[in-house]
Structures are given as structure tokens and as C-alpha cells.
Number of protein chains: 2
Amino acid sequence: MLSTPTPILRAGLRENRRKLTRPRQVVLEIISQANHHLTPAEIYRQAKMKYPHLGLTTVYRTLDLLVELGYVQRIHLAEGCHSYAPIAQSHGHHLVCSNCGRAEEFSDCDLEGLVQSLQGKTGYAIDVHVLELMGLCPDCQTKARGRKR
Amino acid sequence: MLSTPTPILRAGLRENRRKLTRPRQVVLEIISQANHHLTPAEIYRQAKMKYPHLGLTTVYRTLDLLVELGYVQRIHLAEGCHSYAPIAQSHGHHLVCSNCGRAEEFSDCDLEGLVQSLQGKTGYAIDVHVLELMGLCPDCQTKARGRKR
DNA sequence: GTACTTGCAAATTATTTGCACACAC
DNA sequence: GTGTGTGCAAATAATTTGCAAGTAC
């Protein structure tokens with residue numbers, strides 16, 4: 001990852017009529033230098049060392065902005081999720097409608113090949129995977145089309 | 001999904017020296033009957049109709065138990081995650097060490113085939129996928145081995 | 001009878017909002 | 001100068017914990 005992301009950030013912000021500010025620089029620097037995923041609180045703590053005046057609220061707002069601009073992505077952990085569904089069989093994954101929340105299950109995720117190859121490359125002992133797909137279900141697609149015209 | 005999960009629940013609980021109680025029955029019934037993923041708050045609201053004395057705390061504890069026993073699974077949504085990482089390129093996925101939090105990125109997730117086939121079967125218009133792998137990184141494996149003996 | 005469970009209240013943690021002031025452009 | 005961004009304080013939301021009382025076995 002880039003060690004000085006500021007110039008790129010400046011350009012991206014300008015395109016969107018947003019301003020380059022110290023908090024934004026600092027937050028992006030912290031995330032860029034991390035070899036590690038960080039929670040908002042961790043980012044805040046570290047960023048505050050570079051810019052003590054920083055507020056936690058700003059970190060949250062900045063993270064949203066950076067995700068929106070595509071400089072940062074959210075990581076999904078095994079914890080920190082808020083919905084539950086009945087177990088079908090095997091390890092079920094879900095295809096969730098992003099509009100109405102309806103969910104279909106599937107279990108043939110066919111990740112074995114990927115998992116094997118990553119284990120070989122990285123040396124990790126992979127034991128959990130999270131795979132969830134999202135999109136509009138047929139009904140919501142119909143409704144969405146109806147609304148548009 | 002089973003419409004009356006109670007007998008199976010009873011057996012599973014007995015195996016683990018846990019007791020079959022009304023709250024546990026009710027919570028599992030609600031989840032089993034849902035064609036939908038549910039948040040703890042939603043489960044609470046619905047379960048309370050069947051058993052008004054129920055407390056929200058119990059719902060949380062029951063969900064943990066049901067997950068542990070394998071009767072229920074957590075669904076991971078695009079929201080509700082708490083960590084951030086720099087964007088590498090394309091849409092990055094992560095392989096996160098469950099012990100130290102270190103993360104490797106990868107983007108060749110090779111889900112196209114799966115996505116296509118699911119779109120065909122279900123009619124969903126899939127536009128987002130969450131894929132995260134977890135396991136012990138090489139360092140943590142070494143340390144874990146050291147600790148055991 | 002005993003160990004496991006529960007519900008409540010309170011504590012904790014995470015995140016969001018309103019608003020006056022400050023700053024980048 | 002103007003509109004965007006900031007920090008603070010307070011509000012809201014989500015989850016966890018301590019504990020006395022209740023209940024399944």
C-alpha cells in the first residue's frame with residue numbers, strides 16, 4: 001500500500017468537491033500503513049497521536065467518506081453481525097435480498113479449491129469462511145421496475 | 001425447516017446438560033418458521049407474542065446457545081461490520097488471522113460461476129458478495145504449538 | 001434438592017446527530 | 001466569502017453483566 005496516499009486522496013476529493021483536511025489525511029495514512037485491519041476505535045487512537053485535536057465522530061464520518069470514494073474497504077469478521085437464520089444443513093450460506101431481507105440458502109459454495117490454494121500460498125490454517133451474497137430478489141426487481149416507470 | 005423443532009432441541013440440550021425451557025423453544029420456533037433472517041430485536045418482538053414474560057437478555061443468550069449447538073447460524077450482512085482496511089485493488093477479500101488480526105488480501109475469488117448459477121436458479125440480481133476467510137496465520141500457529149508443549 | 005436459567009436493572013460499548021465554530025478553496 | 005468540515009456534547013442503539021428469584025430434571 002502507498003506510504004503517502006495524500007496526493008491521490010487530494011485528487012479524489014477534488015473530483016467530488018470535497019476538501020483535503022488534516023483529519024482525512026491522517027486517517028487514511030493510518031489505514032494505509034496498517035498491516036492489519038482496524039476498528040474505528042483503533043484508528044481513532046492511532047490517528048490522535050498524529051493529530052491530537054481529532055474527534056472520534058470525525059473518524060466515523062471520514063471512514064464513510066473513504067469507503068464511498070473507494071480508498072478503504074470494510075472487512076467482515078465472523079463476529080459483529082446481527083441476523084440469525086435457521087440452519088438448513090451443512091454450513092449454509094445466504095443470498096439475501098438487499099431490499100426486503102428475504103434470504104435463500106445454499107451450501108455448495110465450492111470454495112475448497114480457493115481455500116487450498118490460499119493455504120498453500122500464505123501458510124494460514126483456514127478454518128472458517130464467511131460468504132454472503134446480496135442482490136435484489138425477483139419480487140423486488142419487479143417492484144423496482146414498476147416504480148421507475 | 002422443521003415446523004416443530006422442539007423434540008430435536010430437547011435431545012441436543014440433554015446431550016449438553018442444558019435444560020429445555022419455554023424461552024428456548026419459543027426462540028427456536030420463531031427462527032425456524034421465518035423465511036427471512038432476523039435480528040435479535042425482531043426475534044424478541046415476535047417471541048414475546050408467544051411468551052410475553054420473555055426478556056431481551058434471554059434472547060441474546062439463547063441465540064448464542066443455539067449457534068453453539070448448531071441449530072441456528074449467523075448471517076453476515078454488508079453492514080454491521082467493524083473493521084477497515086486499505087483497498088488493494090479490484091474488490092479485495094481478506095484472509096484474517098483469528099488470533100492476531102493480521103490480514104492478507106486476495107481478489108481472485110473465482111465466484112463468477114457460483115454467482116451465475118445462483119442467479120439462474122433463484123432469479124436474484126446479485127450485485128454484492130462478502131467473502132472473508134479466517135484461520136491461524138503461520139506465526140500464531142507456531143506460537144500455539146509452542147504453548148501446548 | 002441442585003444446578004441451570006431467567007428477567008430485571010444497570011453498565012458498557014458502539015454509533016449517530018445537532019450545532020456553533022473553523023478552515024480549505 | 002462561502003460552503004464544506006470539525007469537535008464537542010448529547011442522544012440513540014446494541015449488547016453485556018450482576019444478581020436474586022424461578023424452574024427443569
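Reminder, nothing fancy here: chain letters follow the sequence lines and each chain counts from 1. Quick note: numbers below take in every heavy atom, side chains included, and nothing from hydrogens, waters or symmetry partners.
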Measuring only between side-chain heavy atoms, which start at C-beta, is [X] closer than 4.5 Å to [Y]?
{"X": "Thr58(B)", "Y": "Val27(B)", "answer": "no"}
{"X": "Leu66(B)", "Y": "Leu9(B)", "answer": "yes"}
{"X": "Arg24(B)", "Y": "Arg18(B)", "answer": "yes"}

Contacts of [X] that satisfy side-chain contact (heavy atoms from CB on, under 4.5 Å) - sequence neighbours left out:
{"X": "Arg45(A)", "result": "Glu42(A)"}
{"X": "Leu56(B)", "result": "Tyr44(B), Val59(B), Tyr60(B)"}
{"X": "Arg14(A)", "result": "Arg10(A)"}

To the nearest angstrom, how far is [X] atom [atom1] from [N] atom [atom2]?
{"X": "Gln25(A)", "N": "dT6(D)", "atom1": "CD", "atom2": "P", "answer": "11 Å"}
{"X": "Asn16(A)", "N": "dG3(D)", "atom1": "CG", "atom2": "C1'", "answer": "16 Å"}
{"X": "Leu13(A)", "N": "dC23(C)", "atom1": "CG", "atom2": "P", "answer": "18 Å"}
{"X": "Tyr60(B)", "N": "dT12(C)", "atom1": "OH", "atom2": "P", "answer": "18 Å"}
{"X": "Asp64(A)", "N": "dT6(D)", "atom1": "CG", "atom2": "C1'", "answer": "15 Å"}
{"X": "Leu69(A)", "N": "dT4(D)", "atom1": "CG", "atom2": "P", "answer": "15 Å"}
{"X": "Leu63(B)", "N": "dA14(D)", "atom1": "CG", "atom2": "P", "answer": "14 Å"}

Review point. What nucleotide, of dG18(D), dC19(C), dT15(D), holds the atom closest to the side chain of Pro40(B)?
Key: dT15(D)
Point to revise | By salt bridge (charged side-chain N to carboxylate O under 4.0 Å, His left out) - contacts of Lys50(B) (at least two apart) | key: Glu29(B)
Check your understanding: Listed by chain and number, what are the salt bridge (charged side-chain N to carboxylate O under 4.0 Å, His left out) partners of Arg61(A), not counting sequence neighbours?
Key ->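 Counting only residues at least two positions away or on another chain, Arg61(A) forms no salt bridge (charged side-chain N to carboxylate O under 4.0 Å, His left out).
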Check your understanding: What residues in residues 44-58 of chain A put a non-hydrogen atom under 4.0 Å from any atom of DNA chain D?
Key -> Tyr51(A), His53(A), Leu54(A), Gly55(A), Thr57(A), Thr58(A)
Review point. Who passes side chain to side chain donor-acceptor pair (under 3.5 Å) against Lys19(A), sequence neighbours left out?
Key: none
Exercise for review: If a protein heavy atom is under 4.0 Å from the base, mark B; if only from the sugar-phosphate, S; if neither, -; do that for nucleotides 20-25 of chain D going 5' to 3'.
Suggested key: ----BS
Review point. Axis-to-axis angle across the helix from dG1(C)-dC25(D) to dC25(C)-dG1(D), five pairs an end, to 10 degrees?
Key: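 The angle separating the two end axes equals 40°.
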Exercise for review: Ignoring backbone atoms, establish whether Arg24(B) has a side-chain N or O less than 4.0 Å from OP1 or OP2 of dT5(C).
Suggested key: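 So the side-chain polar atoms of Arg24(B) do come within 4.0 Å of the phosphate oxygens OP1 or OP2 of dT5(C), strictly under.
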**Study point:** Tyr71(B) (side chain) donor-acceptor with Ser32(B) (main chain) under 3.5 angstrom
**Key:**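 No: the side chain of Tyr71(B) does not pair with the backbone of Ser32(B).
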Check: residues 116-123 of chain A side-chain donor-acceptor pairs under 3.5 Å, at least two apart:
unit_1    : atom_1 : unit_2    : atom_2 : d
Gln116(A) : NE2    : Glu112(A) : OE1    : 3.3
Gln119(A) : OE1    : Ile126(A) : N      : 2.7
Thr122(A) : OG1    : Leu118(A) : O      : 2.7
Thr122(A) : OG1    : Tyr124(A) : N      : 3.2

